[in-house]
Amino acid sequence: MPELPEVETIRLSLFTPLRGKKIARVEVRHPKILRLDPKLPTILKGQTISSIDRIGKLLILRFQKKELALLIHLKMTGQLIYASGAKRAGLPAVAHKAKSGLPAVAHKAKSGLPAVALKAKSGLPAVAHRAKAGGGHSLTQADLKLPHAHSRVIIHFDDDTALYLNDLRLFAYMRTAPTEEVTKIVATYGIEPLQPNFTWPAFQKIFAKRKTILKAVLLNQEVISGIGNIYADEICYAAGVLPTRNVQKLKPDEVKKLFAACKKIMKEAVASGGTTFHSFLNGDSRPGGYRSKLRVYGRKGQPCKRCGTAIEKTVTVGRGTHFCPNCQT
DNA sequence: GAGAGTGTTGTAAC
DNA sequence: GGTTACAACACTCT
(Lines give C-alpha, C1' and ligand atoms only; values in the text may rest on other atoms or scores of the structure.)
Protein backbone atom coordinates (compact mmCIF):
# COMPACT_ATOMS: atom_id res chain seq x y z
CA MET A 1 0.00 0.00 0.00
CA PRO A 2 1.87 3.04 -1.16
CA GLU A 3 1.86 5.71 1.54
CA LEU A 4 4.06 8.80 1.70
CA PRO A 5 7.39 6.92 2.14
CA GLU A 6 6.63 4.53 -0.70
CA VAL A 7 5.49 7.28 -3.08
CA GLU A 8 8.51 9.40 -2.13
CA THR A 9 10.77 6.40 -2.78
CA ILE A 10 9.20 5.97 -6.21
CA ARG A 11 9.60 9.67 -6.91
CA LEU A 12 13.27 9.62 -5.96
CA SER A 13 13.98 6.51 -8.00
CA LEU A 14 12.24 7.91 -11.09
CA PHE A 15 13.40 11.49 -10.91
CA THR A 16 16.74 11.06 -12.67
CA PRO A 17 15.80 8.43 -15.29
CA LEU A 18 12.61 10.20 -16.38
CA ARG A 19 13.95 13.72 -16.55
CA GLY A 20 14.23 14.81 -20.17
CA LYS A 21 12.38 11.75 -21.49
CA LYS A 22 10.13 12.38 -24.48
CA ILE A 23 6.88 10.42 -24.67
CA ALA A 24 6.54 8.54 -27.95
CA ARG A 25 3.12 7.01 -27.23
CA VAL A 26 0.86 5.89 -24.41
CA GLU A 27 -0.42 2.33 -24.51
CA VAL A 28 -3.71 1.87 -22.67
CA ARG A 29 -4.26 -1.75 -21.71
CA HIS A 30 -7.12 -1.02 -19.33
CA PRO A 31 -9.13 2.17 -19.94
CA LYS A 32 -10.43 2.33 -16.40
CA ILE A 33 -7.10 3.75 -15.21
CA LEU A 34 -7.80 6.77 -17.44
CA ARG A 35 -11.45 7.06 -16.38
CA LEU A 36 -10.95 10.72 -15.49
CA ASP A 37 -9.09 11.57 -18.67
CA PRO A 38 -9.68 9.34 -21.71
CA LYS A 39 -7.84 11.80 -24.00
CA LEU A 40 -4.60 11.38 -22.04
CA PRO A 41 -2.67 9.46 -24.76
CA THR A 42 -3.23 12.25 -27.28
CA ILE A 43 -2.37 14.98 -24.78
CA LEU A 44 0.87 13.33 -23.64
CA LYS A 45 2.25 12.28 -27.01
CA GLY A 46 5.40 14.27 -27.79
CA GLN A 47 5.68 15.81 -24.31
CA THR A 48 9.01 15.91 -22.48
CA ILE A 49 9.17 15.31 -18.72
CA SER A 50 10.95 18.04 -16.76
CA SER A 51 10.49 16.96 -13.12
CA ILE A 52 8.50 14.87 -10.67
CA ASP A 53 6.79 16.32 -7.61
CA ARG A 54 4.67 14.75 -4.91
CA ILE A 55 1.97 15.86 -2.50
CA GLY A 56 0.91 13.27 0.04
CA LYS A 57 0.49 10.05 -1.92
CA LEU A 58 -0.07 11.80 -5.26
CA LEU A 59 2.71 11.93 -7.87
CA ILE A 60 2.85 14.96 -10.15
CA LEU A 61 4.87 14.73 -13.35
CA ARG A 62 5.70 18.07 -14.89
CA PHE A 63 6.63 18.78 -18.47
CA GLN A 64 8.63 21.24 -20.53
CA LYS A 65 5.22 22.49 -21.62
CA LYS A 66 4.74 24.23 -18.29
CA GLU A 67 0.96 24.47 -18.28
CA LEU A 68 0.60 20.66 -18.36
CA ALA A 69 0.98 18.12 -15.54
CA LEU A 70 0.32 14.39 -15.14
CA LEU A 71 -1.23 13.17 -11.88
CA ILE A 72 -0.70 9.55 -10.84
CA HIS A 73 -2.32 8.03 -7.76
CA LEU A 74 -1.41 4.40 -7.00
CA LYS A 75 -4.18 3.89 -4.44
CA MET A 76 -3.68 0.45 -2.86
CA THR A 77 -1.95 -1.92 -5.21
CA GLY A 78 -0.50 0.36 -7.87
CA GLN A 79 3.10 0.14 -8.99
CA LEU A 80 5.06 2.51 -11.19
CA ILE A 81 8.07 0.89 -12.81
CA TYR A 82 10.54 2.28 -15.28
CA ALA A 83 12.18 -0.30 -17.49
CA SER A 84 14.46 -0.49 -20.43
CA GLY A 85 14.01 -2.65 -23.51
CA ALA A 86 16.15 -5.42 -21.97
CA LYS A 87 13.82 -5.89 -19.04
CA ARG A 88 10.73 -5.79 -21.17
CA ALA A 89 12.12 -8.64 -23.24
CA GLY A 90 12.02 -10.70 -20.06
CA LEU A 91 15.77 -10.86 -19.55
CA PRO A 92 16.95 -11.45 -15.96
CA ALA A 93 17.01 -7.84 -14.90
CA VAL A 94 17.19 -8.92 -11.25
CA ALA A 95 20.59 -10.49 -11.63
CA HIS A 96 22.59 -7.30 -11.89
CA LYS A 97 20.66 -5.75 -9.02
CA ALA A 98 21.52 -8.64 -6.72
CA LYS A 99 25.19 -8.11 -7.53
CA SER A 100 24.98 -4.47 -6.58
CA GLY A 101 24.10 -5.44 -3.02
CA LEU A 102 20.56 -4.15 -3.21
CA PRO A 103 17.68 -6.38 -2.10
CA ALA A 104 16.74 -8.45 -5.11
CA VAL A 105 13.05 -9.08 -5.56
CA ALA A 106 13.45 -12.75 -6.33
CA HIS A 107 15.24 -13.27 -3.03
CA LYS A 108 12.48 -11.44 -1.14
CA ALA A 109 9.82 -13.62 -2.68
CA LYS A 110 11.64 -16.73 -1.55
CA SER A 111 12.43 -15.78 2.01
CA GLY A 112 10.33 -12.87 3.18
CA LEU A 113 6.89 -13.81 2.02
CA PRO A 114 5.62 -17.37 1.85
CA ALA A 115 4.90 -17.71 -1.82
CA VAL A 116 2.83 -20.76 -2.60
CA ALA A 117 1.43 -22.42 -5.69
CA LEU A 118 2.23 -20.84 -8.99
CA LYS A 119 -0.98 -20.02 -10.71
CA ALA A 120 -0.73 -20.15 -14.47
CA LYS A 121 -3.75 -18.76 -16.22
CA SER A 122 -3.81 -19.38 -19.93
CA GLY A 123 -1.91 -16.70 -21.74
CA LEU A 124 -1.09 -14.80 -18.57
CA PRO A 125 2.21 -14.78 -16.75
CA ALA A 126 2.48 -16.97 -13.68
CA VAL A 127 2.02 -15.06 -10.45
CA ALA A 128 2.82 -16.46 -7.04
CA HIS A 129 0.22 -15.73 -4.43
CA ARG A 130 0.73 -15.18 -0.73
CA ALA A 131 -0.29 -17.93 1.62
CA LYS A 132 -2.08 -15.56 3.97
CA ALA A 133 -4.97 -13.18 3.32
CA GLY A 134 -5.05 -9.85 1.78
CA GLY A 135 -5.68 -9.55 -1.93
CA GLY A 136 -2.20 -8.37 -2.76
CA HIS A 137 0.33 -10.60 -4.36
CA SER A 138 3.92 -11.23 -3.43
CA LEU A 139 6.78 -10.44 -5.70
CA THR A 140 8.32 -12.92 -8.02
CA GLN A 141 10.51 -12.77 -11.05
CA ALA A 142 7.34 -13.34 -13.08
CA ASP A 143 6.19 -9.91 -11.93
CA LEU A 144 9.30 -8.40 -13.41
CA LYS A 145 8.48 -9.52 -16.90
CA LEU A 146 6.92 -6.43 -18.30
CA PRO A 147 4.29 -5.95 -19.35
CA HIS A 148 2.35 -8.49 -17.31
CA ALA A 149 -1.36 -9.17 -16.73
CA HIS A 150 -1.70 -6.18 -14.41
CA SER A 151 0.18 -3.67 -16.52
CA ARG A 152 -2.63 -1.21 -17.17
CA VAL A 153 -1.00 1.78 -18.85
CA ILE A 154 2.45 1.96 -20.46
CA ILE A 155 4.13 5.23 -21.31
CA HIS A 156 6.63 4.53 -24.08
CA PHE A 157 9.52 6.92 -24.50
CA ASP A 158 11.36 7.66 -27.73
CA ASP A 159 14.52 5.84 -26.54
CA ASP A 160 12.83 2.43 -26.21
CA THR A 161 12.35 2.70 -22.45
CA ALA A 162 8.94 2.76 -20.80
CA LEU A 163 7.07 3.59 -17.61
CA TYR A 164 4.62 0.90 -16.49
CA LEU A 165 1.59 1.55 -14.33
CA ASN A 166 0.72 -1.86 -12.89
CA ASP A 167 -2.33 -2.26 -10.70
CA LEU A 168 -4.01 -5.43 -9.57
CA ARG A 169 -7.24 -3.91 -8.34
CA LEU A 170 -7.77 -1.06 -10.81
CA PHE A 171 -8.15 1.60 -8.13
CA ALA A 172 -5.19 3.61 -9.38
CA TYR A 173 -5.66 6.47 -11.77
CA MET A 174 -3.61 8.55 -14.16
CA ARG A 175 -4.81 11.85 -15.54
CA THR A 176 -3.54 15.08 -16.99
CA ALA A 177 -4.34 18.44 -15.46
CA PRO A 178 -3.51 22.07 -16.17
CA THR A 179 -1.05 23.48 -13.65
CA GLU A 180 -3.59 25.90 -12.15
CA GLU A 181 -5.79 22.90 -11.29
CA VAL A 182 -2.80 21.11 -9.79
CA THR A 183 -2.21 24.11 -7.54
CA LYS A 184 -5.82 23.89 -6.33
CA ILE A 185 -5.49 20.15 -5.73
CA VAL A 186 -2.25 20.59 -3.78
CA ALA A 187 -4.01 23.18 -1.61
CA THR A 188 -6.56 20.59 -0.47
CA TYR A 189 -3.83 18.49 1.17
CA GLY A 190 -2.99 18.91 4.84
CA ILE A 191 0.39 19.47 6.44
CA GLU A 192 2.97 16.83 5.59
CA PRO A 193 5.35 15.23 8.14
CA LEU A 194 8.46 15.75 6.01
CA GLN A 195 7.69 19.29 4.86
CA PRO A 196 8.47 22.62 6.55
CA ASN A 197 4.73 23.25 7.01
CA PHE A 198 4.62 20.41 9.57
CA THR A 199 5.11 22.63 12.59
CA TRP A 200 4.16 22.20 16.22
CA PRO A 201 1.65 25.12 16.17
CA ALA A 202 -0.03 23.69 13.05
CA PHE A 203 -0.16 20.22 14.57
CA GLN A 204 -1.54 21.53 17.87
CA LYS A 205 -4.23 23.45 16.01
CA ILE A 206 -5.47 20.26 14.35
CA PHE A 207 -5.91 18.51 17.67
CA ALA A 208 -7.52 21.51 19.31
CA LYS A 209 -10.56 21.57 17.06
CA ARG A 210 -11.16 17.92 16.06
CA LYS A 211 -13.70 15.74 17.79
CA THR A 212 -13.09 12.35 16.22
CA ILE A 213 -10.74 9.52 17.14
CA LEU A 214 -6.99 9.72 16.67
CA LYS A 215 -6.71 7.24 13.82
CA ALA A 216 -9.32 9.08 11.75
CA VAL A 217 -7.32 12.30 12.12
CA LEU A 218 -4.03 10.67 11.13
CA LEU A 219 -5.66 9.15 8.03
CA ASN A 220 -7.46 12.32 6.94
CA GLN A 221 -5.39 13.56 3.97
CA GLU A 222 -6.94 17.03 4.14
CA VAL A 223 -5.58 17.40 7.66
CA ILE A 224 -2.27 15.52 7.61
CA SER A 225 -1.16 14.25 4.22
CA GLY A 226 0.76 11.10 3.39
CA ILE A 227 -0.07 8.88 6.37
CA GLY A 228 -1.88 5.62 5.57
CA ASN A 229 -3.00 2.66 7.62
CA ILE A 230 0.41 1.09 8.23
CA TYR A 231 2.18 4.23 9.42
CA ALA A 232 -0.82 5.48 11.42
CA ASP A 233 -0.51 2.36 13.60
CA GLU A 234 3.27 2.70 13.81
CA ILE A 235 3.03 6.38 14.80
CA CYS A 236 0.51 5.65 17.56
CA TYR A 237 2.73 2.87 18.88
CA ALA A 238 5.83 5.08 18.83
CA ALA A 239 3.92 7.76 20.76
CA GLY A 240 2.49 5.24 23.24
CA VAL A 241 -1.08 6.33 22.48
CA LEU A 242 -4.01 4.10 21.50
CA PRO A 243 -5.27 4.91 17.99
CA THR A 244 -8.85 4.54 19.24
CA ARG A 245 -8.58 7.49 21.64
CA ASN A 246 -10.75 10.55 21.09
CA VAL A 247 -8.41 13.40 20.19
CA GLN A 248 -10.21 15.78 22.53
CA LYS A 249 -9.11 13.64 25.46
CA LEU A 250 -5.43 13.55 24.53
CA LYS A 251 -3.09 15.21 27.02
CA PRO A 252 -0.70 17.92 25.74
CA ASP A 253 2.35 15.70 26.22
CA GLU A 254 0.66 12.92 24.24
CA VAL A 255 -0.01 15.29 21.34
CA LYS A 256 3.63 16.32 21.51
CA LYS A 257 4.73 12.68 21.36
CA LEU A 258 2.48 12.11 18.34
CA PHE A 259 3.97 15.13 16.62
CA ALA A 260 7.49 13.79 17.14
CA ALA A 261 6.44 10.25 16.14
CA CYS A 262 4.93 11.42 12.84
CA LYS A 263 8.24 12.96 11.81
CA LYS A 264 10.40 10.13 13.17
CA ILE A 265 8.45 7.22 11.63
CA MET A 266 8.02 8.83 8.21
CA LYS A 267 11.68 9.84 8.10
CA GLU A 268 12.79 6.31 9.04
CA ALA A 269 10.47 4.76 6.46
CA VAL A 270 11.71 7.00 3.64
CA ALA A 271 15.30 6.20 4.63
CA SER A 272 14.45 2.48 4.35
CA GLY A 273 12.82 2.89 0.96
CA GLY A 274 9.29 2.34 2.23
CA THR A 275 7.48 -0.83 3.23
CA THR A 276 6.85 -3.76 0.94
CA PHE A 277 3.87 -5.62 2.32
CA HIS A 278 1.95 -6.95 -0.64
CA SER A 279 2.89 -5.32 -3.86
CA PHE A 280 4.99 -2.23 -3.41
CA LEU A 281 8.01 -1.86 -5.68
CA ASN A 282 9.86 1.36 -6.23
CA GLY A 283 10.34 2.73 -9.73
CA ASP A 284 13.39 0.56 -10.15
CA SER A 285 11.56 -2.71 -9.27
CA ARG A 286 13.05 -2.99 -5.79
CA PRO A 287 10.94 -3.66 -2.66
CA GLY A 288 11.04 -1.42 0.41
CA GLY A 289 13.15 -2.28 3.46
CA TYR A 290 10.92 -0.97 6.26
CA ARG A 291 8.82 -4.09 6.71
CA SER A 292 11.28 -5.70 9.12
CA LYS A 293 11.20 -2.52 11.22
CA LEU A 294 7.43 -2.46 11.73
CA ARG A 295 6.62 -2.59 15.46
CA VAL A 296 2.87 -3.29 15.38
CA TYR A 297 1.37 -3.37 11.90
CA GLY A 298 0.81 -6.94 10.73
CA ARG A 299 2.08 -8.35 14.06
CA LYS A 300 -1.20 -9.46 15.64
CA GLY A 301 -0.54 -12.07 18.34
CA GLN A 302 3.21 -11.53 18.24
CA PRO A 303 5.04 -10.17 21.31
CA CYS A 304 5.46 -6.41 21.63
CA LYS A 305 9.09 -5.49 20.92
CA ARG A 306 9.06 -3.28 24.03
CA CYS A 307 7.22 -5.27 26.72
CA GLY A 308 6.44 -8.71 25.27
CA THR A 309 2.65 -8.34 25.51
CA ALA A 310 0.81 -9.84 22.52
CA ILE A 311 -0.04 -7.23 19.87
CA GLU A 312 -3.79 -6.89 19.41
CA LYS A 313 -5.83 -6.00 16.37
CA THR A 314 -9.20 -4.31 16.11
CA VAL A 315 -11.14 -2.43 13.43
CA THR A 316 -11.23 1.35 13.66
CA VAL A 317 -12.77 3.65 11.06
CA GLY A 318 -13.10 0.59 8.88
CA ARG A 319 -9.40 -0.26 8.97
CA GLY A 320 -7.40 -2.98 10.63
CA THR A 321 -5.76 -1.32 13.63
CA HIS A 322 -2.83 -2.81 15.55
CA PHE A 323 -1.67 -1.81 19.03
CA CYS A 324 0.06 -2.98 22.19
CA PRO A 325 -2.52 -3.02 25.00
CA ASN A 326 0.25 -2.50 27.55
CA CYS A 327 2.54 0.14 26.01
CA GLN A 328 -0.24 2.25 24.52
CA THR A 329 -2.80 4.00 26.70
C1' DG B 1 -19.00 -22.13 -3.25
C1' DA B 2 -20.11 -18.20 -0.24
C1' DG B 3 -18.51 -14.77 2.57
C1' DA B 4 -14.93 -12.18 4.95
C1' DG B 5 -10.94 -9.67 4.64
C1' DT B 6 -7.30 -6.46 2.56
C1' DG B 7 -7.05 -0.44 2.35
C1' DT B 8 -7.45 4.53 -0.32
C1' DT B 9 -10.42 7.86 -1.55
C1' DG B 10 -14.64 10.08 -3.32
C1' DT B 11 -19.27 10.52 -2.32
C1' DA B 12 -23.55 10.13 0.03
C1' DA B 13 -25.81 10.14 4.28
C1' DC B 14 -26.17 11.49 8.84
C1' DG C 1 -19.22 21.80 8.57
C1' DG C 2 -17.73 17.62 10.63
C1' DT C 3 -18.03 12.82 10.80
C1' DT C 4 -19.25 8.15 9.34
C1' DA C 5 -20.30 4.41 6.14
C1' DC C 6 -19.75 2.42 1.95
C1' DA C 7 -18.61 1.37 -3.01
C1' DA C 8 -15.09 0.70 -6.23
C1' DC C 9 -11.97 -3.62 -7.23
C1' DA C 10 -9.25 -8.51 -7.51
C1' DC C 11 -7.95 -12.01 -5.21
C1' DT C 12 -7.05 -15.33 -1.19
C1' DC C 13 -8.31 -17.58 2.94
C1' DT C 14 -11.76 -19.60 5.95
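So that the names make sense, note that chain A is the first sequence line, chain B the second, and so on, each numbered from 1.
For the P atoms, the distance linking B:dT9 with C:dG1 amounts to 23 Å, nearest Å.
Looking only at atom types and distance, the side chain of A:Lys293 has a donor-acceptor partner in the side chain of A:Ser272 under 3.5 Å away.
Remark: C1' of B:dT8 and OH of A:Tyr173 are 10 Å apart, rounded to the nearest angstrom. As rounded to whole Å, 16 Å separates atom P of B:dT8 from atom CD of A:Glu222. Here B:dT6 presents its C1' atom at 17 Å from CG of A:Leu74, a figure rounded to the nearest Å. The NZ atom of A:Lys300 sits 10 Å away from the P atom of B:dG5 (whole-angstrom rounding). Atom CE in A:Met174 sits about 17 Å away from atom P in B:dT9, given to the nearest Å. The interatomic distance linking A:Arg169 (CZ) with B:dT8 (P) rounds to 10 Å, in whole Å. Rounded to whole Å, atom P of C:dT12 lies 9 Å from atom NE2 of A:His150. Distance, A:Arg35 CZ to C:dA7 P: 17 Å, rounded to whole Å.
At distances below 3.5 Å, not a single donor-acceptor pair connects side-chain atoms of A:Lys75 with backbone N or O atoms of A:Leu170. With A:Gln64 contributing its side chain and A:Gln47 its backbone, the two residues share no donor-acceptor pair below 3.5 Å. Using modelled atom types, no side-chain atom of A:Thr161 and backbone atom of A:Phe157 make a donor-acceptor pair closer than 3.5 Å. Under the 3.5 Å distance criterion, the side-chain polar atoms of A:Gln302 are left unmatched by any main-chain donor or acceptor of A:Ala310.
The CG atom of A:Leu250 sits 7.5 Å away from the CG atom of A:Asn246 when rounded to the nearest 0.5 Å. Atom CD of A:Glu3 is separated from atom NZ of A:Lys57 by 5.5 Å, given to the nearest 0.5 angstrom.
Looking only at side-chain heavy atoms (C-beta outward), A:Pro243 and A:Phe323 come within less than 4.5 Å of each other. Using a 4.5 Å cut-off on side-chain heavy atoms (C-beta onward), A:Thr212 and A:Asn220 make no contact.
In the set B:dT8, C:dA8, B:dT6, B:dT8 carries the atom at the smallest distance from any side-chain atom of A:Met76. Checking B:dT6, B:dT9, B:dT8 against the side-chain heavy atoms of A:Tyr297 singles out B:dT6 as nearest. Relative to the side chain of A:His73, the nucleotides B:dT9, B:dT6, C:dA8 differ in distance, and B:dT9 lies closest.
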Watson-Crick or G-U pairs under 3.5 Å in DNA chain B, rendered as dot-bracket with [ ] for crossing pairs and | for another strand: .|||||.|||||||

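Looking at A:Gln79, A:Met174, A:His150 one by one, the single match for side chain to side chain contact (heavy atoms under 4.5 Å, CB included) with A:Leu165 turns out to be A:Met174.
Under the 6.0 Å cut-off for aromatic ring centres, A:Phe198 and A:Phe259 qualify, their centroids lying closer than that.
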Tabulated below should be each protein N or O lying under 3.5 Å from an N or O of nucleotides 2-5 of chain C; please produce it.
residue: C:dT3; atom: OP1; partner: A:Lys211; partner atom: N; Å: 2.7
residue: C:dT3; atom: OP1; partner: A:Thr212; partner atom: N; Å: 3.4
residue: C:dT3; atom: OP2; partner: A:Arg210; partner atom: NH1; Å: 3.0
residue: C:dT4; atom: OP2; partner: A:Thr212; partner atom: OG1; Å: 2.6

Taking N or O atoms only and anything under 3.5 Å, show me the protein contacts with nucleotides 11-14 of chain B, one pair per line.
none

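Side-chain nitrogen and oxygen atoms of A:Lys313 include at least one within less than 4.0 Å of the OP1 or OP2 phosphate oxygen of B:dT6. Proximity of A:Gln221 to the phosphate of B:dT9: a side-chain N or O atom is located under 4.0 Å from OP1 or OP2.
A salt bridge between A:Glu180 and A:Lys184 is absent, with no side-chain N of the basic residue lying under 4.0 Å from a carboxylate O of the acidic one.
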